Asks: 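Please read through the structure below; I'll follow up with questions.
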Amino acid sequence: MTQIAISVQDGEEKHFDRGTTVAEALKELVSNKQRKQIIAVGCNGLASDLGVPLEEDTVLAPILASSEEGLEILRHSTAHIMALAVKKLYGPEVKVAIGPAIDDGFYYDFDREKAFSPEEFEAIEQQMAEIVAARLPFQRKSLKREDAITLFRDLGEEYKVELLEEMEDDTVSIYEQDSFTDLCRGPHIPDSSWLKVFKLLRVAGSYWRGDEKRPMLTRIYGTAFSDKKELKRYLTQLEEARKRDHRKLGKELGLFTIQDQIGPGLILWQPQGALLRKLIEDYWKEEHYKNGYELLYTPHIARQDLWKTSGHLDFYGENMYSAMEIDEVKYQLKPMNCPFHIGVFNATKHSYREFPIRWCELGTVYRYERTGALHGLMRVRGFTQDDAHIFCRPDQLEDEIFNIIDLNLHILKTFGFAEYDVYLSTRPEKYVGSDEHWELSTDALKQALEKKGLNYSIDPGEGVFYGPKIDIKIKDQLGRSWQCSTIQVDFNLPERFKMSYTGVDGGEHQPIMIHRALMGSLERFIGILIEHYAGGFPLWMAPEQARIMNITDDQSEYCERVFAQLRHAGIRIAKDLRNEKLNYKIREAQLKKVAYMLIVGEREKEEGTVTVRLRDGKNLPPMRPEEFIDFIQKECEEGKG
RNA sequence: GCCGAUAUAGCUCAGUUUGGUAGAGCGGCUGAUUCGUAAUCAGUAGGUCACCGGUUCAAGUCCGGUUAUCGGCUCCA
């Protein structure tokens, strides 16, 4: 029998008989201790099971159970084990669809008459534990695609048959574990004993292949880790996310409310939330003024004809609310601000010398969202875009985009978002405009990104109907990604609205239009901020910066004086002079996430000072009110960058 | 819109299994207490049990429908 040379990366090479499995080779090549950590290996660039026989000289790249790749394999195998458990418990009444590993775990989609309920988790987990204890091996087999189709058809697994029928490979792999056979690319853990820590999390419905016209399946989500502590940490993190939920904090902090009587997806800003929003808006306006923008205000409704001209009725109609009639003319609520800004543009004649024109507006738009999509502030039916439209000449396009990105990243950073991913979205299926225009504008976006030195990925087909776009997705404190900023080139609307300017040559030319939003939707952005800061906003945007509290009634008068002085200086301060114990007042202020508590007892009253308590429980040395004003103003300036 | 779950006082929740016209804590109000770094004590007022209909002598409780919310799918700022 011929010998082949096998080695582990950077390790000694040894010779084995052809057909030796990875597991057998590893026994000779690495220590026992190390071997226990190896869940699979990379063989010539492909992840592979330990049971695979080797046919040629190979360098093995071990995949450790604790590595990201190893964890993914473990979770994928857990999905299989769960499916086996479900099959054992419920038999052929359940058909399997797909069961991949996902970011934080895995899921498996099943077709079952009755949806699973969380009460069944215990039984399934119990069954899984038995499978783990039985050390059932995963056995890989290769077979011809046609044979696999026959196999799964005989098993009654029609979803697998459908998947197979769409595949192009001649041979496919299946995995057998006990009585369960699954179509799968692999790799998998060698046997079920490798699974130590897992938990089923929730059930949900999901369409077969994500298509709402196809059957609704029942999905079980779960997760698995290589270590018990990791699971615990994950569950703690879920708990943390629940604590930060903007709907919960919004209620507790009195920021906003949504009421049945008003309507789903419509936000009522309560005083503290309204103040927070005003502070954000003020900052936004200041920055735009500094960067050469002018502010516009436009109406909420317009004649239906406007939306015909803009193309919104054709391309965005299903998201627009139906028309209302005013003096026998149809009007519709605006889903976007752009046609209005064009109206402002077309109100006067323009010369090339005026460009670039930068117009911004906090424009409230209304869009129909399906009931199931609504979610707190994150997904609503009426929201305010921090919108802007830039009109410029073709030679200015790239610079303008470059400037927008600059301003964009600066503002995001001030809000505490320094990490982001950038995406370039290209032409979607439904679109307007010529291919030439799409190419030209896509190129301009690309150039600006590259000049700015930003890494970006391409999102094919994700552009808006009127043009390609750059999206910036920020990462919050918990590492979650949110799409807020968007920059879109539009050669379409200038055409439709016959926009023009006089060029150097004295002739009429068509301007280029850029749409952009930085925060996207104020509602959503504030929702993200609430969760990002867990309600404890940076001082410059905190609705309540300080709260002054007395220890006994004897200091009330002094507190009133200091309160008036600070308020006069523009500090957002509240007072708590109730006849309550200091502990009680502190607790309440703490729960309301007040940044600074000013504590006044006899000592402070006599010395003309206040003692400043921070959110973390520490105290600053007593200071005079003027000193506190300086202190707080300085912190605000620093916070705003 | 689809699948599943939930809906009781301003808030957080018990009561639903085994139908007999509602309970707690916090908050509110009143009073006492004047107490230095996360809840002082006592009293008191709050609810057509989401809405509509059905079963029943009797429905918060059982059944049907509607609405909203939650977890997902789809969609998306």
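Bear in mind that the values here come from a model prediction, so they are computed numbers and not experimental data. Note on naming: letters A, B, ... go to the chains in the order of the sequence lines (proteins, then strands), and numbering restarts at 1 for each one.
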Asks: Please say which of A:Arg480, A:Arg242, A:Lys243 ends up in a salt bridge (Lys or Arg N to Asp or Glu O under 4.0 Å) with A:Glu531.
Replies: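 Result: among A:Arg480, A:Arg242, A:Lys243, A:Arg480 is the only option passing the salt bridge (Lys or Arg N to Asp or Glu O under 4.0 Å) with A:Glu531.
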Asks: Base, sugar-phosphate, or nothing for A:Arg603, non-hydrogen atoms under 4.0 angstrom?
Replies: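 Base: the residue A:Arg603, judged by heavy atoms under 4.0 Å, touches a nucleobase.
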Asks: What nucleic acid atoms does A:Arg613 come within less than 4.0 Å of, heavy atoms only: base, sugar-phosphate, or nothing?
Replies: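 Base contact.
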Asks: Are any protein N/O atoms closer than 3.5 Å to N/O atoms in nucleotides 11-14 of chain B? If there are, list each pair with its distance.
Replies:
{"residue": "B:rU12", "atom": "OP1", "partner": "A:Lys251", "partner atom": "NZ", "Å": "3.4"}

Asks: With a 3.5 angstrom cut-off on both distances, give the Watson-Crick or G-U wobble partner of B:rA14, or none if there isn't one.
Replies: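 Paired with no nucleotide.
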Asks: In whole angstrom, give the distance that lies between atom NZ of A:Lys581 and atom P of B:rG36.
Replies: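 Rounded to the whole Å, the gap is 8 Å.
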Asks: Counting only Watson-Crick pairs (N1-N3 plus N6-O4 or O6-N4) and G-U wobbles (N1-O2, O6-N3), all under 3.5 Å, who is the partner of B:rA7?
Replies: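 Paired with B:rA7, as far as the under-3.5 Å criterion goes, is B:rU67.
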Asks: Can you find a side-chain donor-acceptor pair between A:Tyr234 and A:Thr223 that sits under 3.5 Å?
Replies: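 No, no side-chain donor-acceptor contact under 3.5 Å.
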Asks: Taking only side-chain N and O atoms of A:Tyr584, does any of them lie within less than 4.0 angstrom of OP1 or OP2 on B:rG27?
Replies: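 So the side-chain polar atoms of A:Tyr584 do come within 4.0 Å of the phosphate oxygens OP1 or OP2 of B:rG27, strictly under.
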Asks: Rounded to the nearest Å, what distance is computed from the CD atom of residue A:Glu580 to the C1' atom of nucleotide B:rC26?
Replies: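 After rounding, the reported distance stands at 13 Å.
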Asks: Are OP1 or OP2 of B:rG71 and a side-chain N or O of A:Arg247 less than 4.0 angstrom apart?
Replies: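 Looking at the OP1 and OP2 atoms of B:rG71, one of them is under 4.0 Å from a side-chain N or O of A:Arg247.
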Asks: Report which part of the nucleic acid A:Gly210 touches: base, sugar-phosphate, or nothing (heavy-atom distance under 4.0 Å, all strands).
Replies: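 Sugar-phosphate contact only - A:Gly210 comes under 4.0 Å of backbone atoms but never of a base.
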Asks: Tell which nucleotide pairs with B:rG43, taking only Watson-Crick or G-U wobble pairs whose two distances are both under 3.5 angstrom.
Replies: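 Check on B:rG43: paired to B:rC29, both distances under 3.5 Å.
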Asks: Can you tell me the Watson-Crick or wobble partner of B:rA59, both distances under 3.5 angstrom?
Replies: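 Base partner found: none.
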Asks: Short question: side chain of A:Asn550, backbone of A:Gln555 - any donor-acceptor pair under 3.5 Å?
Replies: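 Checked: no pair found.
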